[in-house]
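Single-structure report; data block below.
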Amino acid sequence: MEIRHKALLFCVSCGFIGYLPFAPGTWASAFGALLAYLFPFSSLAANVIFTASLCVISVILINLFKSAEKDPCYIVLDELVGMYVTMTGHRPTIVNIVAGFVLFRFFDIVKPFPVRQAEALRRGYGVVADDVVAGILANLVLLAIGMVI
């Protein structure tokens, strides 16, 4: 395996988290939640710029990886992206992180409209888009919960 392929595999599998035997997407989401908690953003603008950049970079990396499979289970960078989308604009408290994690996993697993439709996009776009949309839905629910409480 060439070095470029190994480096891409390391990135798209989130440091090989994607090769964990049980629920690799959930582990990658938990890793994203941990990163969001440990390294909070100083401003909403920084949070939005980082998350948008991470989305674009993820699509590029997944497209460069050129896996023959549509969305192989070991590619979990998209779950990490989804957690960052979920937490964008929210304070990274333990309660928000746990609630965001549960909401994101719910929307990512159940795939209600429009999550499933976003998944139909080609290549890395679809791999990342469904998690971005699931993250947006989770973010909005988290926002609504915060307004009620």
Side-chain angles (χ1 to χ4, degrees), residues 1-41 44-92 96-145:
M1 187 182 298
E2 70 179 74
I3 194 81
R4 177 179 178 256
H5 184 77
K6 286 181 183 178
L8 284 170
L9 181 60
F10 180 82
C11 292
V12 300
S13 68
C14 286
F16 304 115
I17 288 173
Y19 286 97
L20 290 174
F22 179 73
T26 299
W27 286 109
S29 299
F31 180 59
L34 179 66
L35 290 175
Y37 179 73
L38 293 176
F39 304 105
F41 290 96
L44 177 59
N47 192 179
V48 169
I49 290 167
F50 175 83
T51 303
S53 299
L54 186 60
C55 290
V56 171
I57 291 167
S58 297
V59 169
I60 292 168
L61 290 174
I62 291 168
N63 282 341
L64 284 174
F65 186 68
K66 293 184 180 175
S67 172
E69 303 167 64
K70 183 175 170 135
D71 187 2
C73 63
Y74 58 86
I75 294 180
V76 292
L77 181 56
D78 50 320
E79 270 77 22
L80 182 118
V81 169
M83 271 309 302
Y84 269 96
V85 171
T86 298
M87 296 311 300
T88 295
H90 296 285
R91 290 185 311 123
N96 281 347
I97 293 283
V98 170
F101 173 80
V102 169
L103 287 166
F104 171 67
R105 291 310 298 151
F106 171 78
F107 288 119
D108 189 35
I109 292 166
V110 174
K111 297 198 185 307
F113 177 83
V115 178
R116 185 163 313 280
Q117 288 68 19
E119 190 177 43
L121 294 170
R122 294 180 43 233
R123 302 181 57 212
Y125 305 100
V127 173
V128 175
D130 74 307
D131 294 283
V132 168
V133 174
I136 290 169
L137 294 175
N139 186 303
L140 292 173
V141 171
L142 197 56
L143 183 64
I145 291 169

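We use all heavy atoms of the structure for the numbers below, so side chains are in, but hydrogens, waters and symmetry mates are not.
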(request) Kindly indicate whether the side chain of Met87, heavy atoms from C-beta on, has any atom under 4.5 Å from the side chain of Asn139. (result) no

(message) Is any side-chain heavy atom of Ile57 closer than 4.5 Å to one of Leu61?
(response) yes

(message) On a heavy-atom basis, which atom in Val132 and which in Cys55 lie closest, and how many Å separate them?
(response) CG2-SG, 3.8 Å

(request) Please confirm whether the backbone N or O of Phe65 pairs with a side-chain atom of His5, one donor and one acceptor, at under 3.5 Å? (result) no

(message) Taking the basic N atoms (NZ, or NE/NH1/NH2) and the acidic carboxylate oxygens, is any pair closer than 4.0 Å for Arg116 and Asp130?
(response) no

(message) Quick one, Ile97 with His90, criterion side-chain contact (heavy atoms from CB on, under 4.5 Å). Give me CA distance, side-chain angles, the key distance, then yes/no.
(response) CA-CA 9 Å; Ile97 293 283; His90 296 285; over 6 Å; no

(request) Please round to the nearest 0.5 Å and tell me the distance separating atom CG of Leu143 and atom OG1 of Thr86. (result) 12.5 Å

(request) Look up atom CG in Asp108 and atom CG in Leu137, then write down how far apart they are to the nearest 0.5 Å. (result) 11.0 Å

(request) Enumerate the residue pairs fulfilling ring-ring contact (aromatic ring centres under 6.0 Å, His included) with a member in residues 98-117, sequence neighbours excluded, ordered by first and then second residue. (result) none

(request) Calculate, to the nearest 0.5 Å, the distance between atoms CG and CD belonging to Asp131 and Glu119 respectively. (result) 8.5 Å

(message) Which heavy atom of Leu142 sits nearest to which heavy atom of Ala99, and what is that distance?
(response) CD1-CB, 3.6 Å

(message) Nearest 0.5 Å, please: how far is CZ in Arg123 from CD1 in Ile62?
(response) 10.5 Å

(request) Calculate, to the nearest 0.5 Å, the distance between atoms CG and OG1 belonging to Leu44 and Thr88 respectively. (result) 8.0 Å

(message) Looking at every non-hydrogen atom in both residues, tell me the closest pair between Met83 and Ala33 and how far apart they are.
(response) CE-CB, 3.8 Å

(message) How close do Ala28 and Ile17 get, counting heavy atoms only, and between which atoms?
(response) N-CG2, 3.7 Å

(message) If you count every heavy atom of other residues, nucleotides or ligands that lies below 6.0 Å from Phe41 atom CZ, does the total exceed 12?
(response) yes

(message) Looking at every non-hydrogen atom in both residues, tell me the closest pair between Pro92 and Pro40 and how far apart they are.
(response) CG-CB, 3.6 Å

(request) Please tell me if the side chains of Glu79 and Thr26 come closer than 4.5 Å, counting only heavy atoms from C-beta onward. (result) no

(message) Nearest 0.5 angstrom please: Leu54 CG to Leu77 CG, how far?
(response) 6.0 Å

(message) Restricting to non-hydrogen atoms, name the atom on Asn47 and the atom on Gly89 that form the minimum distance, rounded to 0.1 Å.
(response) OD1-N, 3.0 Å

(request) Ignoring hydrogens and angles, tell me if any N or O in the side chain of Asp78 forms a donor-acceptor pair with the backbone of Ala129 under 3.5 Å. (result) no

(request) Sequence neighbours left out, what pairs pass ring-ring contact (aromatic ring centres under 6.0 Å, His included) with at least one residue falling in residues 6-32? (result) Phe10-Phe16, Tyr19-Tyr74

